[in-house]
Amino acid sequence: MWFRQDLRVKDNPALIKAAKQSKVLPVYIYDTSVPQNAVLGGASKWWLHHALVALQESLDGNLLVLSGDPQEILLSLCTQHNISSVHWNRMYEPWAIARDTAIKKALKASECDALSTNGSLLWEPMQVLKKDETPYKVFTPYYKNGCLNAPDPRYPQRKPPLSFMDDMDEVKGYQGVDSLALLPRVNWDLHMQEMWNVSEQGAQCKLEYFIKQAIEEYNDDRNVPSVAGTSQLSPYFHFGLISPNQAWYAVHDAFNGSRENKGVYVYLSELGWREFSYYLLFHFNDIQNRNFNTKFDNFPWVQDKEGLRAWQQGKTGVPIVDAGMRELYQTGYMHNRVRMIVASYLVKNLLIDWREGERWFWDCLLDADSASNSAGWQWVAGSGADASPYFRIFNPILQGEKFDKEGAYVKKYCPELSKLGKKFLHKPWEASEQELLSANIVLGKDYPKPIVDLKKSRVRALDAYKTIK
DNA sequence: TGCCTGTTAAC
DNA sequence: TTAACAGGC
């Protein structure tokens with residue numbers, strides 16, 4: 001059993017098949033031959049480390065952890081140990097598909113069977129097509145007509161009874177989780193240790209809590225970054241510590257199959273957006289590097305290293321943007337509403353190519369995921385499938401005032417602003433000298449002056465858009 | 001899950 | 001002065 005982004009023992013279809021067939025040798029291979037843009041970022045590595053430790057425990061210490069080229073490793077394991085078949089759950093990143101296809105071929109050539117299964121999507125991208133057999137490009141018909149009318153997704157399955165291959169310790173090249181050196185050398189992960197229980201049980205706890213406490217208010221509360229109104233399951237989904245099927249059916253079972261509650265409906269449709277991202281990645285495969293809408297290939301992005309740096313460090317002078325970017329850097333996570341705000345700011349107010357934002361998120365997010373990350377950025381930039389129209393430009397002041405009314409979120413991550421009253425918290429540059437003084441703030445010193453004028457940069461963005469219209 | 005601007009109407 | 005609304009980007 002080759003584990004990849006399915007680091008769980010419950011509802012793991014490939015593991016079930018492997019266990020049914022014979023004794024199992026569970027393997028995780030840290031792939032050292034992935035393309036540059038698929039090398040894991042620091043936050044992802046941290047998550048992976050803990051996820052592997054937890055999986056190791058669930059498998060009673062029988063998980064073989066190696067690093068190197070998966071093809072070489074699998075082939076040599078098969079010959080050395082007389083293994084008759086290799087099982088895995090599919091990945092959908094184009095490079096992973098290419099890799100897995102080659103491995104399948106190589107295994108079969110050396111008389112080892114290779115079997116892949118869908119373990120991470122509710123609906124296989126191949127099986128949801130329009131009547132003309134081409135893929136959907138718009139979310140609503142994809143979800144409503146395509147997915148909801150397709151056969152129901154697999155109901156989650158239990159952990160199978162497992163018996164493992166013997167003489168594990170004898171396996172040549174066994175390295176162990178620590179040898180992958182996934183943890184950071186400096187201690188920037190203290191916050192994360194406290195925030196996340198990185199395990200299958202951790203995922204189930206989050207899910208249960210969310211269904212009991214938050215899902216019915218999800219439609220409103222999910223927009224307020226100071227409230228725990230979202231499921232916070234995204235990092236668990238990425239490495240497969242939970243399957244979408246487990247979430248989908250836990251919600252349906254809790255509400256007797258009804259999707260009438262608005263929060264329930266909207267949450268499930270968010271799982272649908274996750275599916276849609278993978279669907280686009282599968283059918284149009286280069287969405288990580290290329291504009292889905294090729295008009296944007298001529299978009300006049302600006303080269304602005306200083307602006308990019310200020311954005312990355314949370315020093316743009318716009319409180320809600322800075323708070324979000326600091327949350328990301330400190331915790332490996334960012335609230336979804338704030339992700340949209342900071343992304344809109346980078347792409348529209350700073351006019352920086354969405355790929356720069358995509359890269360930064362990839363490095364910093366615990367839930368970094370090619371499909372969701374690319375689709376999300378292209379959605380904001382306006383270049384994606386069924387994207388937000390380019391003229392829809394967030395005003396970060398209004399967004400702050402609307403969704404962080406009391407300023408709790410901004411104050412948490414920009415403590416230097418904590419004495420500033422509500423009136424100017426989201427626009428400190430408009431506060432009078434007096435007001436700033438009594439809040440102990442010198443603009444440009446304690447907190448940055450805005451690096452761009454919001455009105456002017458908005459007009460500049462609209463002008464830029466006209467050039468490719 | 002957009003925001004701005006101009007118009008109208010009520011006070 | 002303000003709210004509500006429509007149209008445009």
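Here is how names work: the chains are called A, B, and so on, in the same order as the sequence lines, proteins then strands, and each is numbered from 1. Side-chain atoms are counted along with the backbone in the values below, which use heavy atoms only and exclude waters and symmetry mates. These numbers come from a predicted model, not from an experiment.
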Item to complete: Look at all strands and tell whether A:K402 reaches a base, only sugar-phosphate, or nothing, counting heavy atoms closer than 4.0 Å.
Response: sugar-phosphate
Discussion item. For a quick check of understanding: with a heavy-atom distance under 4.0 Å over all strands, which category does A:F403 fall into, base, sugar-phosphate or nothing?
Written reply: sugar-phosphate
Would you kindly give the [atom1]-to-[atom2] distance between [X] and [N], to the nearest whole Å?
| X | N | atom1 | atom2 | answer |
| --- | --- | --- | --- | --- |
| A:Y345 | B:dC3 | OH | C1' | 17 Å |
| A:R458 | B:dT5 | CZ | C1' | 10 Å |
| A:L454 | B:dC3 | CG | P | 11 Å |
| A:H426 | B:dC3 | NE2 | P | 13 Å |
| A:I341 | B:dC3 | CD1 | P | 9 Å |
| A:K466 | C:dC9 | NZ | C1' | 8 Å |
| A:K456 | B:dC4 | NZ | C1' | 17 Å |
| A:F394 | B:dC3 | CZ | P | 7 Å |

Discussion item. Quiz question: by atom type and distance under 3.5 Å, do the side chains of A:Y142 and A:D386 form a donor-acceptor pair?
Written reply: no
Worksheet entry | A:N293-A:S383 side chain donor-acceptor pair, cut-off 3.5 Å | no
Worksheet item: Considering heavy-atom distances to DNA chain B, does A:R337 or A:K455 have its closest nucleotide positioned more toward the 5' end?
Response: A:R337
Fill in: Worked check of salt bridge (charged side-chain N to carboxylate O under 4.0 Å, His left out) between A:E124 and A:R90
CA-CA 10 Å; A:E124 272 290 330; A:R90 284 181 205 117; 2.8 Å; yes
Discussion item. Between the side chains of A:D297 and A:R290, is the shortest nitrogen-to-carboxylate-oxygen separation below 4.0 Å, so that they form an ion pair?
Written reply: no
